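Here's the structure, in structure tokens; my notes come after.
In each ligand, atom 1 is the first atom listed, and ligand 1 is the first ligand listed. Predicted, not measured: the structure shown is a model, and the values here were computed from it.
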Amino acid sequence: MKAFSKEFQAELKNLMKWRRDVRHFNTTPIPIDILLDCLNAFGMAPSVGLSEPWRIVRITSDKSRGAALANFKSANADALAGYSGDKAQTYAGLKLSGMNDAPEQIAIFCDDATTKGAGLGAKTMPEMRRYSVVSAIMSFWLALRAQGLGLGWVSILDPIQLRNDLGVPKEWHLVAYLCIGWPKQDTLTPELEKVGWEQREPALTQWIER
Ligand SMILES: Cc1cc2nc3c(=O)[nH]c(=O)nc-3n(C[C@H](O)[C@H](O)[C@H](O)COP(=O)(O)O)c2cc1C
């Protein structure tokens with residue numbers, strides 16, 4: 001099995017450390033060849049039964065962008081209404097999407113009805129197709145970061161509304177709405193830690209043995 005050099009291993013760790021969820025972008029466009037190169041990560045990703053169930057929708061029209069932004073604003077207002085006191089105040093101050101400025105926006109769906117892979121591995125756990133899409137997004141995220149690009153994952157959305165607004169098949173389940181662009185700053189600290197919302201735990205606190 002091919003092993004990678006110590007230098008590469010250190011760089012890979014750096015890449016994982018510096019990956020951030022980014023919500024503050026410069027509006028400078030991303031050269032299409034860089035975007036396409038990063039999207040190649042999907043073609044290398046694992047998937048249950050090699051079903052490759054990801055469906056990628058590049059959001060380019062004002063109509064689609066407007067619909068996604070309105071969707072986010074509505075879902076975010078609903079989410080805010082679920083908090084009270086200090087938590088509500090902190091939530092209201094969070095920037096939870098970069099949809100106003102990210103030069104690239106991509107919706108990623110899982111085709112729950114794909115026949116590719118002939119159902120291998122998905123009979124008892126069909127959700128594995130969606131997990132396959134998530135794992136591919138992770139590769140894409142790191143590929144972008146290696147180019148100095150940032151990705152912000154937006155999940156404060158009504159998925160059925162977005163699917164309808166984009167006019168994609170009803171068998172497609174929304175997995176992620178991704179804002180992509182050049183980050184305004186690099187940081188090692190997640191934004192939610194900076195504002196005191198939540199803290200990252202050391203890696204092995206969730207590890208048990210049986
Ligand atoms: C599945 C998923 C959905 C997320 N949805 C949102 C979101 O809707 N809005 C947001 O601001 N951040 C979202 N995030 C980003 C997380 O808040 C972020 O990953 C976490 O705070 C840790 O920060 P880091 O990614 O910079 O390490 C999401 C992340 C994941 C993995």
Side-chain angles (χ1 to χ4, degrees), residues 12-25 38 41-42 45-47 53-57 59 65 67-83 87-102 104-110 127-163 165 172-206:
L12 179 60
K13 201 177 278 182
N14 257 334
L15 179 63
M16 292 191 277
K17 237 166 77 179
W18 282 99
R19 178 211 56 77
R20 281 281 69 72
D21 184 272
V22 175
R23 287 155 241 169
H24 302 270
F25 298 99
C38 294
F42 282 89
S47 61
W54 37 81
R55 302 291 178 262
I56 300 164
V57 183
I59 311 292
R65 284 198 177 213
L69 184 60
N71 187 327
F72 166 74
K73 282 183 176 166
S74 161
N76 201 35
D78 284 353
L80 173 59
Y83 295 106
K87 216 61 177 167
Q89 209 174 350
T90 310
Y91 187 92
L94 292 172
K95 186 173 186 205
L96 293 167
S97 100
M99 288 162 100
N100 279 316
D101 41 9
E104 288 290 342
Q105 300 185 23
I106 296 180
I108 312 274
F109 293 84
C110 175
E127 65 271 26
M128 288 302 158
R129 292 195 191 93
R130 296 179 186 179
Y131 299 160
S132 302
V133 177
V134 173
S135 69
I137 292 170
M138 198 59 230
S139 299
F140 179 50
W141 199 335
L142 292 177
L144 289 164
R145 191 63 192 86
Q147 294 271 4
L149 284 160
L151 174 151
W153 190 321
V154 184
S155 55
I156 305 164
L157 291 163
D158 175 338
I160 294 172
Q161 181 70 49
L162 189 71
R163 189 179 65 200
D165 287 339
W172 291 15
H173 175 86
L174 181 70
V175 175
Y177 189 94
L178 305 176
C179 293
I180 300 164
W182 307 102
K184 279 208 166 143
Q185 60 162 18
D186 282 338
T187 171
L188 282 168
T189 313
E191 200 155 320
L192 292 187
E193 273 198 34
K194 281 188 185 163
V195 299
W197 183 269
E198 193 51 273
Q199 281 208 322
R200 195 182 280 295
E201 298 287 341
L204 296 182
T205 51
Q206 304 295 343

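Here the heavy atom of the protein found nearest to atom 23 (O) of ligand 1 is P190 CB, 3.2 Å. Considering only non-hydrogen protein atoms, atom 18 (C) of ligand 1 sits nearest to D21 CB, 3.9 Å. The nearest protein atom to atom 10 (C) of ligand 1, hydrogens excluded, is given as L96 O, 3.5 Å; this is a heavy-atom distance. Here the heavy atom of the protein found nearest to atom 5 (N) of ligand 1 is S155 OG, 2.8 Å. Counting only heavy atoms of the protein, atom 25 (O) of ligand 1 lies nearest to R19 NH1, 2.8 Å. The single protein non-hydrogen atom nearest to atom 26 (O) of ligand 1 is R20 NE, 2.7 Å, given as residue, atom name and distance.
Remark: the backbone N or O of A70 is not paired with any side-chain donor or acceptor of S74 at under 3.5 angstrom. Side-chain atoms of N71 come within 3.5 Å of backbone N or O of D158 as a donor-acceptor pair. A donor-acceptor pair under 3.5 Å is absent between the side-chain atoms of W54 and the main chain of V134, judged by distance alone.
Residue-ligand proximity: E193 is placed with every non-hydrogen atom at 4.0 Å or more from ligand 1. Ligand 1 lies nowhere less than 4.0 angstrom from a heavy atom belonging to E191.
In I160, the CD1 atom is not crowded: 12 or fewer heavy atoms of neighbouring residues, nucleotides or ligands sit closer than 6.0 Å. Under a cut-off of 6.0 angstrom, the local environment of NZ in K194 is crowded, with over 12 non-hydrogen atoms contributed by other residues, nucleotides or ligands. For K73, the NZ atom is loosely surrounded, since the number of other residues' heavy atoms within 6.0 Å does not exceed 12.
Residue V154 has at least one heavy-atom neighbour below 4.0 Å for each of these atoms of ligand 1: 7 (C), 8 (O). Close contacts between ligand 1 and I156 involve ligand atoms 8 (O) [criterion: under 4.0 Å to a heavy atom].
Residues passing the side-chain hydrogen bond (donor to acceptor under 3.5 Å, both in side chains) test with R130, sequence neighbours excluded: D112, H173.
Residue contacts with ligand 1: R200 is placed with a nitrogen or oxygen under 3.5 Å of a nitrogen or oxygen of the ligand (distance criterion only). Residue contacts with ligand 1: W153 is placed with a nitrogen or oxygen under 3.5 Å of a nitrogen or oxygen of the ligand (distance criterion only). Any N or O atom pair closer than 3.5 Å counts here, and W141 shares no such pair with ligand 1.
Annotation: side chain of Y83 is not in contact with side chain of Q89 (no heavy-atom distance under 4.5 Å). The shortest distance between side-chain heavy atoms of R145 and D186 falls below 4.5 Å.
Under 4.0 angstrom from ligand 1, the non-hydrogen atoms of L192 all belong to its side chain. Counting heavy atoms under 4.0 Å from ligand 1, residue R23 touches it through the side chain alone.
For the atom pair CZ of R65 and CG of N100, the computed distance is 10.5 Å after rounding to the nearest 0.5 Å.
At a distance under 4.0 Å, a protein heavy atom can be found next to atom 13 (C) of ligand 1.
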